[in-house]
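Because the structure is a prediction, the values reported are computed rather than measured. Residue numbers begin at 1 in each chain, while the letters A, B, ... track the order of the sequences.
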Protein chains: 2
Amino acid sequence: MVVDEKSWLMFKRRLWSRLWEDLEIGYLDKDLLPVLILFNLDRDVYTLSSCSGRIVVSDSVYPWSRDEGSIVLKTHVPVKPGELALLLKKPVVRRLWLNATGPIVHLSARNIRTATYLLKVARMSGYKHSGILSLNKYKGVIIELTTGVRFSTFIGDATNILETRDIGLLVEKANEILLYGKLMLNRLYEVASKYLPRSVDEEVLNDVRQREGLLKKKPIEIFAEMAREKGLGDFVDRIEKMTELR
Amino acid sequence: MVVDEKSWLMFKRRLWSRLWEDLEIGYLDKDLLPVLILFNLDRDVYTLSSCSGRIVVSDSVYPWSRDEGSIVLKTHVPVKPGELALLLKKPVVRRLWLNATGPIVHLSARNIRTATYLLKVARMSGYKHSGILSLNKYKGVIIELTTGVRFSTFIGDATNILETRDIGLLVEKANEILLYGKLMLNRLYEVASKYLPRSVDEEVLNDVRQREGLLKKKPIEIFAEMAREKGLGDFVDRIEKMTELR
């Protein structure tokens with residue numbers, strides 16, 4: 001399969017400008033930004049919808065079901081125990097699941113050679129579950145970079161709710177696993193910075209230069225700011241301790 | 001990248017004979033067999049190490065960590081509450097996690113065209129998380145077919161163990177999600193049977209014919225037998241009810 005250059009570049013430019021729109025309206029997980037910029041700086045790569053790692057509470061038949069209105073809480077920073085207690089005051093329709101997932105980054109490469117290069121960089125960053133999702137003549141070679149970082153537990157249904165103490169323990173684990181995912185995101189950024197960009201996309205570089213300071217922060221630093229804004233000081237201290245250890 | 005035909009076929013023949021060795025020594029999840037045979041019957045495909053879906057209890061830092069001796073229970077059939085109670089009598093070294101995962105099938109395709117065909121079949125079967133893992137001149141285009149079916153919860157550590165009742169609820173959910181995965185495996189078998197083999201590998205076909213009766217059972221029927229052998233009659237009834245519903 002040969003990718004249509006003109007169409008591929010059109011997609012890159014369109015998604016690049018949408019990225020800034022998403023940031024402005026608050027649709028973008030801010031700690032993802034350094035990673036997205038890094039990949040887009042490569043002439044042969046662009047990014048698609050991605051996630052920096054999150055906690056989701058759903059009221060659904062299964063943890064992965066996404067029926068209408070099934071998500072009752074979605075956050076890219078840790079959950080406070082009180083937040084879950086509040087959710088438990090409302091009646092559960094199906095079943096309540098608490099899920100934490102690591103980062104997922106979607107990329108398009110201009111050709112298979114670039115795609116396999118990106119997969120190698122991903123493996124070096126510990127993203128063992130990465131692969132090529134599809135090959136599209138117009139959109140390019142679509143890749144998913146992902147980790148095994150995941151937690152997914154049952155919390156309660158209409159007849160049975162876990163003990164408050166047990167829920168506390170599970171929320172603690174979900175937060176810890178979220179944090180592990182954020183460290184993995186930071187690792188992807190640091191490792192990929194050594195291998196990318198191979199040849200610079202000047203248009204992207206100019207855009208980035210105009211938005212000063214954007215490349216001064218690492219994903220984990222932005223995450224620490226996000227958590228601090230939510231009043232999760234303890235958590236931030238822990239992050240700083242853990243990142244020192246690395 | 002062009003795959004070396006001779007080397008690719010050598011890998012196919014070697015892995016095909018290893019599959020039967022694994023079956024004899026009990027290394028192979030029996031309910032996976034119909035799926036493995038189906039894919040290998042195609043001249044342009046062979047299977048690599050795969051899993052029909054399982055429950056794993058690990059004593060590890062994180063649910064996905066695989067340090068030495070971290071797996072304390074691994075089974076391809078449902079868990080009885082008593083089994084977990086027995087594990088909880090021993091001291092926990094790190095942390096105890098209860099994980100259920102859906103099927104994962106690894107395939108090699110002779111070329112990219114076949115790989116994208118397999119990915120389409122996988123998507124039609126609901127295997128949304130499937131992709132090309134790597135391209136290897138000798139081994140072929142390596143693909144992973146996988147679902148989002150997953151459950152992964154904390155059970156206890158050296159200082160805190162969840163309430164017995166809560167553990168019971170979580171084991172129930174793990175079993176249910178295991179079962180969902182088995183239904184997905186069956187679905188892959190049924191959908192893929194319509195699209196494969198495109199051209200038959202005669203050598204594989206001859207082998208299969210000599211082992212009579214192998215293609216008479218669906219994955220879900222074999223799973224029901226496996227569960228019945230373990231004395232999980234209730235579960236089997238439920239399977240039969242659920243499969244009727246489909």
I'd like to verify something: which residue of A:L169, A:L98, A:V149 has the highest number of heavy-atom pairs under 4.5 Å with chain B?
A:V149
Part of B:L170 within contact of chain A (heavy atom distance under 4.5 Å)
side chain
Check: every donor-acceptor pair under 3.5 Å linking chain A and chain B:
residue: A:Y62; atom: OH; partner: B:E176; partner atom: OE2; Å: 3.1
residue: A:R95; atom: NH1; partner: B:E176; partner atom: OE1; Å: 2.9
residue: A:R95; atom: NH1; partner: B:E176; partner atom: OE2; Å: 3.4
residue: A:R95; atom: NH2; partner: B:E176; partner atom: OE2; Å: 2.7
residue: A:R123; atom: NH1; partner: B:L133; partner atom: O; Å: 3.3
residue: A:R123; atom: NH2; partner: B:L133; partner atom: O; Å: 3.2
residue: A:I132; atom: N; partner: B:I132; partner atom: O; Å: 2.7
residue: A:I132; atom: O; partner: B:I132; partner atom: N; Å: 2.7
residue: A:L133; atom: O; partner: B:R123; partner atom: NH1; Å: 3.3
residue: A:L133; atom: O; partner: B:R123; partner atom: NH2; Å: 3.2
residue: A:S152; atom: N; partner: B:S152; partner atom: O; Å: 2.9
residue: A:S152; atom: O; partner: B:S152; partner atom: N; Å: 2.9
residue: A:T153; atom: OG1; partner: B:T153; partner atom: OG1; Å: 2.6
residue: A:N160; atom: OD1; partner: B:R165; partner atom: NH2; Å: 3.3
residue: A:I161; atom: O; partner: B:R165; partner atom: NH2; Å: 3.4
residue: A:E163; atom: N; partner: B:D166; partner atom: OD2; Å: 3.0
residue: A:R165; atom: NH2; partner: B:N160; partner atom: OD1; Å: 3.3
residue: A:R165; atom: NH2; partner: B:I161; partner atom: O; Å: 3.4
residue: A:D166; atom: OD2; partner: B:E163; partner atom: N; Å: 3.0
residue: A:E176; atom: OE1; partner: B:R95; partner atom: NH1; Å: 2.9
residue: A:E176; atom: OE2; partner: B:Y62; partner atom: OH; Å: 3.1
residue: A:E176; atom: OE2; partner: B:R95; partner atom: NH1; Å: 3.4
residue: A:E176; atom: OE2; partner: B:R95; partner atom: NH2; Å: 2.8

Across all chains, not counting sequence neighbours, the side-chain contact (heavy atoms from CB on, under 4.5 Å) partners of A:A192 are A:L38, A:F39, A:V121, A:L196
Partner set under side-chain contact (heavy atoms from CB on, under 4.5 Å) for B:I161, not counting sequence neighbours:
B:L88, B:V92, B:I167
Turns out that what part of A:L119 lies under 4.5 Å from chain B's heavy atoms comes down to side chain
Within this structure, what is the CG-CG distance for the pair B:L162 and A:L162, rounded to the nearest 0.5 Å?
7.5 Å
